[in-house]
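To find a chain, count down the sequence lines: A is the first, B the second, and so on, and within it residues start at 1. Side-chain atoms are counted along with the backbone in the values below, which use heavy atoms only and exclude waters and symmetry mates.
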Number of protein chains: 2
Amino acid sequence: MTNIRDLAKMAGVSVTTVSRVLNNHPYVSEEKRNAVFDAIKQSNYQQNINAVHLSMGKTFLIGVVVPFIEHPYFYLLIKGMSVEALENNYKLVLIQTNYMESRELEAMQMLKQKQIDALIICSRKCDWQTIEEYLPYGPIILCEDTRGKNVPSTFVDHYKAFLFAFDYLFQKGHRKIGYCIGRRSGTNSKQREMAFKEFTANHHLPYEHDYIFNHCLHFEDGEQVIHRITQMIDPPTALLVTNDDVAAGIVMCAQNRNLSIPGDLAIIGFNNQPIAKMMNITTIEIPLVDIGRKLFQHAIRQNSKIVYDEIPVKLIERKTV
Amino acid sequence: MTNIRDLAKMAGVSVTTVSRVLNNHPYVSEEKRNAVFDAIKQSNYQQNINAVHLSMGKTFLIGVVVPFIEHPYFYLLIKGMSVEALENNYKLVLIQTNYMESRELEAMQMLKQKQIDALIICSRKCDWQTIEEYLPYGPIILCEDTRGKNVPSTFVDHYKAFLFAFDYLFQKGHRKIGYCIGRRSGTNSKQREMAFKEFTANHHLPYEHDYIFNHCLHFEDGEQVIHRITQMIDPPTALLVTNDDVAAGIVMCAQNRNLSIPGDLAIIGFNNQPIAKMMNITTIEIPLVDIGRKLFQHAIRQNSKIVYDEIPVKLIERKTV
DNA sequence: TTGTAAGCGTTATCAA
DNA sequence: TTGATAACGCTTACAA
């Protein structure tokens, strides 16, 4: 492997001059520039990017922490980041945690070790304190409401969104409303639970634990929901479902069981994924790809001013309410 | 930032000794080892991993080329790779190409520049020659049949799989069989087309171009398929669908249009995704997560012997044929 | 406009 | 068991 020094020798110039040519810096005579180019061609030279990184203290790598990838919430976020990464000449390093804290720590370790320039945490298990501990080592961006904390974020106010959706259903006459989430202990889900408490309290409705359906991630999880509902003595008449795949699964299963939607059960999905459009599911649009892009932009932003980027959501009325 | 030299000074030992302690090498007295540990604690020292990489000529990063991530074929492959990456202490660098050749080249450039130790190409646009050109710079692994070529791979013989599925449908009495694919120009789809030609020729059936449905990637694409079929004068009576999401979409749409499945239209999906089980779709199981793992193993395998890793598939009979 | 030389933070060789 | 010191391949003051 020929290196920059060999190149300099071949071209009869200094290493600095080669470096200037390589990086398109000014102050190189046409003559020498060409000499360098010739040498590059002859030698089939290739920069060792690690050396560049070591020298510059930067890798153009952004770490992305996700629990898993096989879920629209995460792969749509990643999709958005990918677009932005491409445009800014960065690459994404994927860190799949499966919600194991040790892997989240590993990711932060990478930041500390300077293997990545910044870290985007899409969802986490670890506590706030841990994150703060790693803050000095580089930008950490979160996809959750961090207002009041010293970490930039792009997020949806799920408390607000849920309250809005509950009210909408209430106006439509529903009094027994439940919801489906992926992971009860998540930060976002805690906000949703707060909204649920607030809503039921405001309207003097009972706070029904049974109306909360956990572990709803994919289309096929809709089956469990319908199954449980049909077994209930006093089932909910409306459901907020935090992703459209699950909503679609619910709608499909309901059909098979002759449960009328929205007659017997009203459904509001989330995300406005293509499947919601196709199946005519009323949904709350969350621009996940866009959120991914913005998360990434935070990650590479130079100015150290912390930005909390709340993303508004929008109700798309279709046929399931 | 304190570095290894500072550490050496603090501990009153040489840089070499510090390095030995850091890497758990033998030949360090307990006394000096402890001195180093103390220094590490006091200084809050953190290795700069880029320096390590430069020195070792290795990054423990594996590049993964996918056109996009929001598709089970790709996210399940990635999922498998992630598992393996974790176990072997590697990280995955995601390169989303959207089938732009320039991005594929960029990925191979990363290999040449030694930013990644190996490259896994899950699907590609570029031609074979381009890949061969980059072969000298590091391991490139493909997820397609590379037998006879000098590149390791893990793959499904889609020619064989299709032929098998066609025969199965033929035995069930079908004479008008079509299929749905994601991208007609892909290597795998070309194999499938060959199988289709072979099958129709063998059984003296007409080779119907109309029976090939392109651009079928997601659940919602099933709608188009059903739409086109209902418009046909002489529609197929059975369909091979290269992914279960699309198969599910087809089944669901058919229900809505009072098309009986399998009465009017038999369906065989691919992958055996959870949705296929839930919707009782007959499918050809392809262990994508496993394939992802094996692809990764090739990528980090030391021995230079080229391995072609054909993965067998399995018919899962359910209710759509 | 050019070049020398000092980093960047490690690992690895070799002599002691 | 230890430690100088030379790589690794690049960028960037600073001097000329």
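Other residues, nucleotides and ligands place no more than 12 heavy atoms under 6.0 Å from the CD atom of A/Gln129.
Judged by distance alone with a 3.5 Å cut-off, no donor-acceptor contact links the side chain of A/Thr16 to the base of D/dT11. Between the side chain of B/Ser19 and the base of C/dA12, no donor-acceptor pair under 3.5 Å is found. Residue side chain B/Arg5 does not reach the base of C/dG7 through any donor-acceptor N/O pair under 3.5 Å, judged by distance alone.
Ion pairing between a basic and an acidic side chain is recognised when a charged N comes within 4.0 Å of a carboxylate O; B/Arg147 and B/Asp157 show such pairing. Under the 4.0 Å criterion applied to side-chain N and carboxylate O atoms, B/Glu144 and B/Lys190 are not assigned as salt-bridge partners. A salt bridge links B/Lys79 with A/Glu70: the closest approach of a Lys/Arg side-chain nitrogen to an acidic carboxylate oxygen falls below 4.0 angstrom. Between B/Glu84 and B/Arg293 there is a salt bridge, since a side-chain N of the basic residue sits under 4.0 Å from a carboxylate O of the acidic one.
Look at CE on B/Met56: it is 9 Å from C1' on C/dT11, rounded to the nearest Å. D/dC10 atom C1' lies 14 Å from atom CZ of A/Arg20, rounded to whole Å. Atom CG of A/Asn48 is separated from atom C1' of C/dT10 by 13 Å (rounded to the nearest Å). Atom C1' of nucleotide C/dC14 and atom OH of B/Tyr27 are separated by 15 Å, given to the nearest angstrom. Residue A/Glu30 contributes atom CD, which lies 15 Å from atom C1' of C/dT2 at whole-angstrom precision. Remark: C1' of C/dC8 and NZ of A/Lys58 are 16 Å apart, rounded to the nearest angstrom. Between the C1' atom of D/dT12 and the CD1 atom of A/Ile4 lies a distance of 11 Å, rounded to the nearest Å. In this structure, the CG atom of B/Asn23 is 11 Å from the C1' atom of C/dA12, given to the nearest Å.
Residues from residues 33-47 of chain B lying near DNA chain C, meaning a heavy-atom separation below 4.0 Å, are B/Tyr45, B/Gln46, B/Gln47 in numerical order.
Considering only the side chain of B/His25, C/dA12 comes nearest among C/dT10, C/dA12, C/dT4. With distances taken from any side-chain atom of A/Val13 to the nucleotides C/dG3, C/dT10, D/dT2, the minimum falls on C/dG3. If you check D/dT1, C/dG9, D/dT11 against the side chain of B/Asn3, the one that comes closest is C/dG9. Nearest to the side chain of B/Val52, among C/dG3, C/dT10, D/dG3, sits C/dT10. Closest to the side chain of B/Ser55, from the set D/dC8, C/dC8, D/dT2, is D/dC8.
Figure legend: cation-pi geometry between B/Lys294 and B/Phe296 absent, as NZ or CZ is not positioned both under 6.0 Å from the six-membered ring centre and within 45° of its axis. A cation-pi arrangement, defined by a distance under 6.0 Å to the six-membered ring centre and an angle within 45 degrees of its axis, is present between B/Lys58 and B/Phe60. Note that B/Arg183 lies in the cation-pi zone of B/Tyr99, set by a 6.0 Å cut-off to the ring centre and a 45° limit from the axis.
Among the atoms of the strands shown, base atoms are found under 4.0 Å from some heavy atom of A/Val15. Using a 4.0 Å heavy-atom criterion, one finds that B/Asn50 contacts no nucleic acid atom at all.
When the side-chain nitrogen and oxygen atoms of B/Thr17 are compared with OP1 and OP2 of D/dG3, one or more of them lie within a distance under 4.0 Å. Note on A/Lys114: every side-chain N or O is 4.0 Å or more away from OP1 and OP2 of C/dG9.
Heavy-atom distances to DNA chain D give each of B/Ser14 and B/Ala51 a nearest nucleotide, and the one nearer the 5′ end belongs to B/Ser14.
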